[in-house]
Amino acid sequence: MQVRALIITLLFIPNINRADTPHAASLYQAGFTYKLTGADSALDIRDAAGLGSMVIMQLGAKHISAVNVETGLERWRFTSKTGSIRRMDLRGANLLVEAEQLYALNTATGAEQWQFPLNCFSKTSCNSRVRHWGRQVIVLSGFDGKDDKLMLVNAKTGARLWPNWVEVPSASEIAYTPSTIAVVTSQAPYSVVGLNRFTGRERWRFRPEGTESPAAGLEADGKILTTWWSSRSADSVYSIGLDDGSQRGEWMVARRPRLNEIRGGGPGFFFAYQPSVLGGGGSIRAWNNSTGEKLWRQSIRTPRTPSLLGEHIQYWTQGKRKVVLTSLHGRTGEELWSYERRNVQTYEASVEPGHLVLRMAGEHVAVVVLDISSGRVIGIGALEGTTLTLGRLRLSGRYLFAANGPNLVRLEPKPSLDLVAEFDQLVNTGDMKAAARLHRRILPFVDDLSAAADIHRKVRSQAFRRESARMERGGLPALLPFIITSSSDAKMLFYEDFKTFLSSVVAFLKPIQMPAKVSGTELQRLVSATKRIIELVERFERKLNKAEDKQMYGLIRDAVVPLSVLMSRSGASKEASACLQAIFQRSWMVRTSRLKAAIKTVTIEECRRLEPEVLAAAKGNGKGPQVIEALKQIPGFELLELPLPTPEKAKTRTGMAELLRALRERFP
């Protein structure tokens with residue numbers, strides 16, 4: 001009997017995890033979204049899986065659709081002629097589809113690779129069905145419309161692995177192992193049959209004496225088959241060798257009628273849970289599945305039935321202010337890990353390969369993905385909108401898909417380190433509002449996500465508060481981030497966008513009392529903002545060669561000149577000179593006295609950097625000609641109209657002393 005994952009109702013508000021609960025590696029964020037339109041809008045998206053740049057979706061029972069996540073365009077579509085699609089399973093380059101037949105489709109093109117007949121052309125005339133869907137083989141039952149024949153199919157090629165359908169009367173339960181397939185027959189004499197995995201031939205039959213009913217369930221771990229027969233007061237459990245069907249052990253498990261008990265097994269153990277007649281919990285017991293020897297027993301307080309997932313037993317406990325998920329080792333009963341959330345109200349869980357996907361709702365709605373083996377939090381994120389809060393969550397690779405009716409959302413994990421880098425970048429560019437929005441988004445996960453804790457500490461710091469206050473007061477500190485964020489490529493698509501942007505910059509700039517100089521992060525923003533304006537000028541230069549655009553020339557000067565002069569005064573004269581020369585050298589730019597004065601100011605700052613070399617030459621080091629040549633290379637030097645000594649006189653102390661005096665007269 002397959003043990004199903006429980007779904008319990010419990011949920012959270014911002015919480016505090018246990019100290020030993022590991023931090024999540026990623027934050028899930030809504031990314032690609034898709035909505036069915038046209039005739040498809042009446043269908044629901046029942047499943048979704050990601051493959052590279054595609055999302056493959058099952059649309060009702062009618063279609064399989066592959067959509068490109070970059071363009072939203074459909075790449076290919078598979079249609080069931082009878083609307084019989086029940087399941088799809090992505091396997092590398094192939095997609096298996098259980099419909100009227102069993103199909104394998106090429107994921108790149110949707111082309112059919114192979115098919116195996118199921119003849120399920122209606123719900124009432126399905127001749128065969130999938131009973132086990134493994135990575136290597138698929139077990140089918142039916143052929144004649146009844147579960148009395150079995151066939152093994154290669155899951156990669158669709159080829160028959162047995163020459164003929166094998167007759168097994170009324171196969172109600174099937175356990176597949178690499179060597180033996182065990183089948184519970186629900187017809188008298190109610191045996192458990194072992195079939196050779198490679199030939200389909202019967203290897204053995206097992207039936208306890210006096211049995212008048214079929215086995216209630218069976219579990220196989222590759223070495224031992226555990227099967228049990230139920231009565232009103234107890235289960236008779238037997239361990240059987242898979243190779244020969246011989247009985248290895250036998251024991252009794254008491255049961256209480258009308259209570260939600262559970263039985264199952266894993267590697268080396270058999271498991272039973274018996275609820276208390278008083279409610280609120282029960283007892284877990286485990287036996288060695290080879291000998292029937294008791295391994296351990298534990299009483300637990302839990303609101304719902306535990307679940308058995310592989311070799312782990314997992315159960316929930318609930319207190320006044322917290323809910324804890326605990327995982328026990330099946331053979332030893334040892335606690336492997338626990339995951340805790342506080343202020344829980346409602347909760348639901350689903351099992352994906354190797355993972356648990358938890359959805360919690362309340363003041364906040366969140367998704368948490370846990371590694372089943374270690375309890376490690378793979379990712380966590382907020383859920384917003386009905387598609388995310390109500391739709392089915394499906395884990396596929398690194399992505400989570402949420403489907404609700406005709407809507408699909410892909411949740412994409414952002415690594416913790418990338419979140420911190422994004423926050424730091426927003427702060428560095430002065431976009432404090434966006435940084436605050438990011439902080440609010442991750443605030444519910446401060447105790448779950450290391451990036452959230454780091455960002456929260458930074459937001460609470462005096463430096464962040466001081467910078468935010470400066471931005472709120474306006475002036476240059478607020479203008480520079482505005483220039484950077486408002487001039488992105490996404491916002492500067494057309495020339496009119498640039499004109500509007502530049503008009504706003506000049507309007508904001510005019511009333512600002514410019515500081516004597518800036519430094520640090522603000523200097524970096526100043527350089528980035530001014531360079532960005534020059535980049536946009538060069539991009540839209542072709543539009544500036546018109547007489548009716550003369551107003552733009554003045555806007556460009558009014559924006560670039562004061563920013564460049566401030567750059568120069570702040571020690572970035574080289575960058576300032578490059579920005580001013582970029583417009584000064586343009587044939588369409590009117591070289592006004594204000595522009596020339598700005599270039600002179602920046603040029604003098606550049607000359608100041610060479611003052612020590614001029615002084616050394618004035619003291620007689622003989623390098624006067626080289627120093628003069630270096631001065632001439634400074635853009636705009638000719639505007640200073642400095643009397644330069646002749647090459648011969650430049651070699652003398654007197655000539656360079658006169659040049660030094662002339663330079664210093666021009667220094668402010």
Given side chains that start at C-beta, do those of [X] and [Y] come closer than 4.5 Å, heavy atoms only?
X	Y	value
L370	I378	no
L161	V153	no
E261	S230	no
L96	I138	yes
L383	Y28	no
Y399	V69	no
K62	I85	no
F32	E412	yes

Decide side chain to side chain donor-acceptor pair (under 3.5 Å) for E74 and S65; before the verdict, give the C-alpha distance in whole Å, the side-chain angles of both, and the deciding distance to 0.1 Å.
CA-CA 7 Å; E74 187 173 80; S65 174; 2.5 Å; yes

Using the rule given for ring-ring contact (aromatic ring centres under 6.0 Å, His included), can you reason through W229 versus Y190, listing the C-alpha separation, both sets of side-chain angles and the distance that settles it, and then say yes or no?
CA-CA 10 Å; W229 276 259; Y190 307 116; 9.4 Å; no

Can you check whether [Y]'s main-chain N or O pairs, donor with acceptor, with [X]'s side chain at less than 3.5 Å?
X	Y	value
R331	G268	yes
W204	V192	no
R75	T107	no
Q29	P413	no
R263	G217	no
D44	R46	no
S396	G50	yes
W337	I372	yes
S233	R255	no
D235	V237	no

Side chain to side chain contact (heavy atoms under 4.5 Å, CB included) between S239 and W287: does it pass, once the steps are laid out?
CA-CA 11 Å; S239 62; W287 293 261; over 6 Å; no

Mind checking ring pair (Phe, Tyr, Trp, His ring centres under 6.0 Å) for F116 and listing every partner two or more places apart, or none if nothing turns up?
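F116: no ring pair (Phe, Tyr, Trp, His ring centres under 6.0 Å) contacts found.
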
Indicate whether any N or O donor in one side chain lies under 3.5 Å from an N or O acceptor in the other, for [X] and [Y].
X	Y	answer
Y176	R197	yes
Q187	S170	yes
E100	S80	yes

From the options W251, W228, F206, select the one residue that forms a ring-ring contact (aromatic ring centres under 6.0 Å, His included) with Y238.
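Answer to the ring-ring contact (aromatic ring centres under 6.0 Å, His included) test with Y238 among W251, W228, F206: F206.
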
When rounded to the nearest 0.5 angstrom, what distance separates [atom1] in [X] from [atom2] in [Y]?
X	Y	atom1	atom2	value
L118	C126	CG	SG	6.5 Å
N127	D144	CG	CG	7.5 Å
H329	I313	NE2	CD1	10.0 Å
D221	F270	CG	CZ	12.5 Å
H355	L309	NE2	CG	13.0 Å
L356	L395	CG	CG	10.5 Å

Side chain to side chain contact (heavy atoms under 4.5 Å, CB included) evaluation trace for C120 with R86:
CA-CA 10 Å; C120 291; R86 294 178 295 285; 3.8 Å; yes

Answer yes or no: is there an ion pair linking D47 with R392, defined by an N-O contact shorter than 4.0 Å?
yes

Under a 4.0 Å N-O cut-off, is there an ion pair linking E352 with R394?
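Counted as a salt bridge, because a side-chain N and a carboxylate O are separated by less than 4.0 Å.
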
Please give me the minimum heavy-atom distance between [X] and [Y], naming the atom from each residue.
X	Y	answer
A175	A220	CB-CB, 4.1 Å
S191	T185	O-OG1, 2.8 Å
E98	L102	CA-CD1, 4.2 Å
L195	G200	CD2-O, 3.8 Å
L408	A48	CD1-CB, 3.7 Å
I56	M88	O-CE, 3.2 Å

Give the C-alpha distance, both sets of side-chain angles, the deciding distance and a yes or no for side chain to side chain contact (heavy atoms under 4.5 Å, CB included) between D448 and V377.
CA-CA 8 Å; D448 305 277; V377 185; 5.8 Å; no

R87/W133 under side chain to side chain contact (heavy atoms under 4.5 Å, CB included): CA gap, chis, key distance, verdict
CA-CA 11 Å; R87 179 181 173 185; W133 201 329; 3.0 Å; yes

Test applied, side chain to side chain contact (heavy atoms under 4.5 Å, CB included); reference residue, R77; option that passes from V67, L59, I64:
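The side chain to side chain contact (heavy atoms under 4.5 Å, CB included) with R77 is passed solely by L59 among V67, L59, I64.
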
Got a sec: does the NZ of K156 have more than 12 other heavy atoms crowding it under 6.0 Å?
no

Check the surroundings of atom CD in Q247: do more than 12 heavy atoms from other residues, nucleotides or ligands lie under 6.0 Å from it?
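For Q247, atom CD is crowded (more than 12 foreign heavy atoms under 6.0 Å).
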
